[in-house]
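Here is how names work: the chains are called A, B, and so on, in the same order as the sequence lines, proteins then strands, and each is numbered from 1.
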Protein chains: 4
Amino acid sequence: MTGRTARGPALKPRKNPEQSRSAETVRTILEGAARVLEERGLAGYTTNAVAERAGVSVGSVYQYFPGKEALTAALVARETGLLIAAVRDAAGAATPELGLRRIVQATVAHQMSRPRLALLLDREESRLQLADSLDAVTRAISGALLALLGRLEPAPPVEAQVAAGDLFALLRGMVDAAGERGERAGDALEQRVLRAVFGYLGLPPAGP
Amino acid sequence: MTGRTARGPALKPRKNPEQSRSAETVRTILEGAARVLEERGLAGYTTNAVAERAGVSVGSVYQYFPGKEALTAALVARETGLLIAAVRDAAGAATPELGLRRIVQATVAHQMSRPRLALLLDREESRLQLADSLDAVTRAISGALLALLGRLEPAPPVEAQVAAGDLFALLRGMVDAAGERGERAGDALEQRVLRAVFGYLGLPPAGP
Amino acid sequence: MTGRTARGPALKPRKNPEQSRSAETVRTILEGAARVLEERGLAGYTTNAVAERAGVSVGSVYQYFPGKEALTAALVARETGLLIAAVRDAAGAATPELGLRRIVQATVAHQMSRPRLALLLDREESRLQLADSLDAVTRAISGALLALLGRLEPAPPVEAQVAAGDLFALLRGMVDAAGERGERAGDALEQRVLRAVFGYLGLPPAGP
Amino acid sequence: MTGRTARGPALKPRKNPEQSRSAETVRTILEGAARVLEERGLAGYTTNAVAERAGVSVGSVYQYFPGKEALTAALVARETGLLIAAVRDAAGAATPELGLRRIVQATVAHQMSRPRLALLLDREESRLQLADSLDAVTRAISGALLALLGRLEPAPPVEAQVAAGDLFALLRGMVDAAGERGERAGDALEQRVLRAVFGYLGLPPAGP
DNA sequence: GATGAATGAGCCTTCATTCAT
DNA sequence: CATGAATGAAGGCTCATTCAT
């Protein structure tokens, strides 16, 4: 690993063949990568392992991704897609309270589905500085939070920008930890996260 | 990277020379490791780099630590020592509220002192399964929280064990993120974390 | 995968000029190879790059050439064809002096037309042991030189075989170097090469 | 091979321990590289092959050279050292004619000692653009030639700069070719090269 | 025939660890 | 004890070649 910290080393897929056979191979590779991450952790996450797990050759991995980081980025994008959509949606909720609840819900659901994978990708996401300087999930969630906070009455006693950052960190921290502990009950976790969120904002704890 | 995932590889220092020259060398090595981590990140954190930064030979590193992971573990222990002591202390505070505040305070202070180092070590800590299965910081903070929660009136509506886990995760998440953002004002951060903590527990936000 | 789904009526003549079609493809591929060599050098000279540059698939390259070396050999043959013809011609010149001049002329002209390509192919030619053990150009030029030397009066004081080898080497050396230096004036170079050639043979420097 | 054509990717040795054990290892590695080049050619010239042939591990190769190219550069420097010294010396010869003879002599001697190695290194030398833009040998020989040409009477009818380039090319071309042909008689070759050189310069062929 | 996705041997390089001095 | 040269397994990646469509 050469100390490439601040460059932009091709994180985009090499081809984007949303068609026929190739798309299938891409899916296979991504799922292979996900499985390797879940089963062997970051230490076992090698391009050769991914290829083997996916049942393709290393060459095929590099046919579609210019490098390992690009593969990781693509996996992040894939895993994150639903979450981002849900979060975007939440920003337009009827009330900010409802929006917050929806964001928490979506994040919890996302982390519950493949906890180890989600956790490891969170780590990789912050290690590589994907995208501009902030990855898509962070941007999406923080953005949605920001929008919701603006509509809150009374306005929270903390600057919105900062509050969004705090809430995102708090949310991710709790949810990742729950995943690591093996917690599987989404509803319960959701309630607890909301206690912290509403408490932070000085709102009365909303009933379920 | 050797695929040692499931073994129990000697994480304790090889010698425990609380004396003379050796202790000094150990300190030098640990500080070298800390500096490397801060300056070159996880990618640049190699045993040779540590030795060079510390002004000793690689051989000396292996004289005092059975392997890289042991070195990391020792660094974690060193960095964590003060925090753990402070947290233990907090458990005996006059009121649980005060105890909570003290824990938050200590954690914030700890993260603020060497933010990048603290962040990277947090990550390594959870990557390696240090100690029995839970590292010392986690145990200390969770334990202290648990003790304090038991004294709380009214008792929080969440099982104490779970609450302790949540609060620890929330705390660490917020503090790490603040460090990553480059935040340097400890007091402000402390207040905000407390809002979340007290909110989670259903307590009225305590004034500063 | 060309969407050739609808089979219309047979619009093509029954008898395809398969020959000329193939020949055209071969030409395209060879020119692709030449372009890649000129633009990306030996390092960028890959079969995939050639195919892409030629606008055909890799498969097609292998349809016409059994391997990369065969492709290179064919390119050498193509590039060398005119030169060889000119050199053969020169062997029959009225006087040996004129013949020598013609050979030099042809070689200079050849190298000037596509200098980088000529240089790189010279290298590849000697790397691969093309042909029997001596490639066509070497054989042609050396042969012509040999014939001319036999007619020279007075006979050069060096064995003809050896002299032919020397002159060829000298010629190629000077011409390649001129190409590498970016020299573009054929006439001047020709004169200088002739000085060396005639000097080597102990002949008086012939005027232009 | 990524098209790194114009960068300066560390061509200097990593360490320059002209002492004790290390120097011996460096020598061993360089000789291994030379042997591999002679025995297996450019195609078989891999860092692993070099290490194996030298009886050391790949790691040791990289301990002393930052990369394969640096190794090649060092080998070129080693092989070229004597030649360069001799050529430098020749520039100060009593008469320019004598100087020319000495340069030819040294070059012939150099190429005769390990012909295949010299040939392959010549190629590599021009492939990598070692040093500033011109490699040491080229600089040394061209420089010496330039100095000598300036002292020549009558002055050659060609611009000195150009003449130096031509003579160097002619020299190298003839000598490389002789090596490739397996010629082993240094004196004879030397005489023939001198015929071309003196002829080029319009000087009377000097007796041995 | 043409296509281009797929293959996999093999290359360069790194780095945790050992051991002779 | 300290040193640092030496080791070599393992990782990321390329590219000539094949073959199902």
Side-chain angles (χ1 to χ4, degrees), chain A residues 1-2 15 17 20-22 24-26 43-52 55-69 71, chain B residues 1-4 15 17 21-22 25 43-52 56-69 71, chain C residues 1-2 4 16 18 21-22 25 43-52 56-69 71, chain D residues 1-2 15 17 20-22 24-26 29 43-52 55-69 71:
Chain A
M1 220 170 273
T2 338
K15 304 185 175 183
S20 64
R21 198 112 339 175
S22 301
E24 178 58 27
T25 303
V26 169
Y45 178 56
T46 72
T47 53
N48 284 292
V50 169
E52 189 187 22
V56 301
S57 66
V58 228
S60 286
V61 173
Y62 284 87
Q63 181 109 65
Y64 295 103
F65 304 97
K68 195 192 183 188
E69 300 198 347
L71 171 62
Chain B
M1 218 168 277
T2 341
R4 54 158 61 166
K15 310 189 172 185
R21 195 153 315 198
S22 306
T25 303
Y45 178 56
T46 70
T47 51
N48 282 289
V50 168
E52 190 189 20
V56 300
S57 67
V58 230
S60 286
V61 173
Y62 280 85
Q63 188 78 49
Y64 294 103
F65 303 96
K68 196 191 183 190
E69 300 201 345
L71 171 62
Chain C
M1 209 169 285
T2 339
R4 183 82 102 74
N16 256 356
E18 303 273 350
R21 176 101 85 106
S22 304
T25 304
Y45 178 55
T46 70
T47 52
N48 282 289
V50 169
E52 190 189 19
V56 302
S57 66
V58 230
S60 287
V61 173
Y62 280 84
Q63 186 79 49
Y64 293 103
F65 303 96
K68 197 192 183 189
E69 300 202 345
L71 171 61
Chain D
M1 220 169 274
T2 338
K15 304 186 175 183
S20 64
R21 197 111 339 173
S22 302
E24 179 57 28
T25 303
V26 169
I29 293 172
Y45 179 56
T46 72
T47 52
N48 284 290
V50 168
E52 191 189 20
V56 300
S57 68
V58 230
S60 285
V61 173
Y62 282 87
Q63 182 110 64
Y64 295 102
F65 303 97
K68 195 193 184 187
E69 300 199 347
L71 171 62

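- Residue Ser60(A) places at least one side-chain N or O under 4.0 Å from the OP1 or OP2 atom of dT7(E).
- Across all non-hydrogen atoms, the minimal contact from Val58(B) to Ala51(B) is N-CB, 3.6 Å.
- Of the nucleotides present, dC12(E) is the one that pairs with dG11(F) by Watson-Crick or G-U wobble criteria, both distances under 3.5 Å.
- Within the structure, a side-chain polar atom (N or O) of Thr47(A) is placed less than 4.0 Å from OP1 or OP2 of dG12(F).
- When the side-chain nitrogen and oxygen atoms of Thr25(D) are compared with OP1 and OP2 of dA6(F), one or more of them lie within a distance under 4.0 Å.
- Nearest-nucleotide assignment on DNA chain F puts the 5′-proximal partner with Gly55(D), out of Gly55(D) and Val58(C).
- Atom OG1 of residue Thr25(C) and atom OH of residue Tyr64(C) lie 4.0 Å apart, to the nearest 0.5 angstrom.
- Using a 4.0 Å heavy-atom distance criterion, Tyr64(C) is classed as a sugar-phosphate-only contact.
- When every heavy atom of Tyr45(B) is checked against every heavy atom of Lys68(B), the shortest pair comes out as O-NZ, 2.7 Å.
- Going from atom CD of Glu52(D) over to atom P of dC11(E) covers 11 Å, rounded to whole Å.
- Atom CD of Gln63(A) is separated from atom C1' of dG4(E) by 8 Å (rounded to the nearest Å).
- Residue Tyr62(D) has no polar side-chain atom (N or O) positioned under 4.0 Å from OP1 or OP2 of dT7(F).
- A sub-4.0 Å separation between OP1 or OP2 of dT7(E) and a side-chain N or O of Ser57(A) is present.
- Residue order along DNA chain E, read from the 5' end via each residue's closest nucleotide, puts Gly59(C) first among Val56(A) and Gly59(C).
- Atom CD in Glu24(A) sits roughly 14 Å away from atom P in dT21(F) (whole-Å rounding).
- Each of Tyr45(D) and Thr46(B) was matched to the nucleotide of DNA chain E holding its nearest heavy atom; the match closer to the 5' end belongs to Tyr45(D).
- Between Phe65(C) atom CZ and Thr47(C) atom OG1 the span is 12.5 Å, to the nearest 0.5 Å.
- For dT21(E), the paired nucleotide is dA2(F), the pair qualifying as Watson-Crick or G-U wobble because both relevant distances are below 3.5 Å.
- The CG atom of Asn48(B) sits 15 Å away from the C1' atom of dT13(E) (whole-angstrom rounding).
- Summarising the geometry, the separation between CD on Glu69(B) and P on dC15(E) is reported as 16 Å, rounded to the nearest angstrom.
- Taking only side-chain atoms of Lys68(C), from C-beta outward, the nucleotide of dA5(F), dC12(E), dT17(F) with the closest atom is dT17(F).
- Rounded to whole Å, atom P of dT13(E) lies 10 Å from atom CG of Leu71(D).
- Note that OG of Ser22(D) and CD of Gln63(D) are 8.0 Å apart. Values are rounded to the nearest 0.5 Å.
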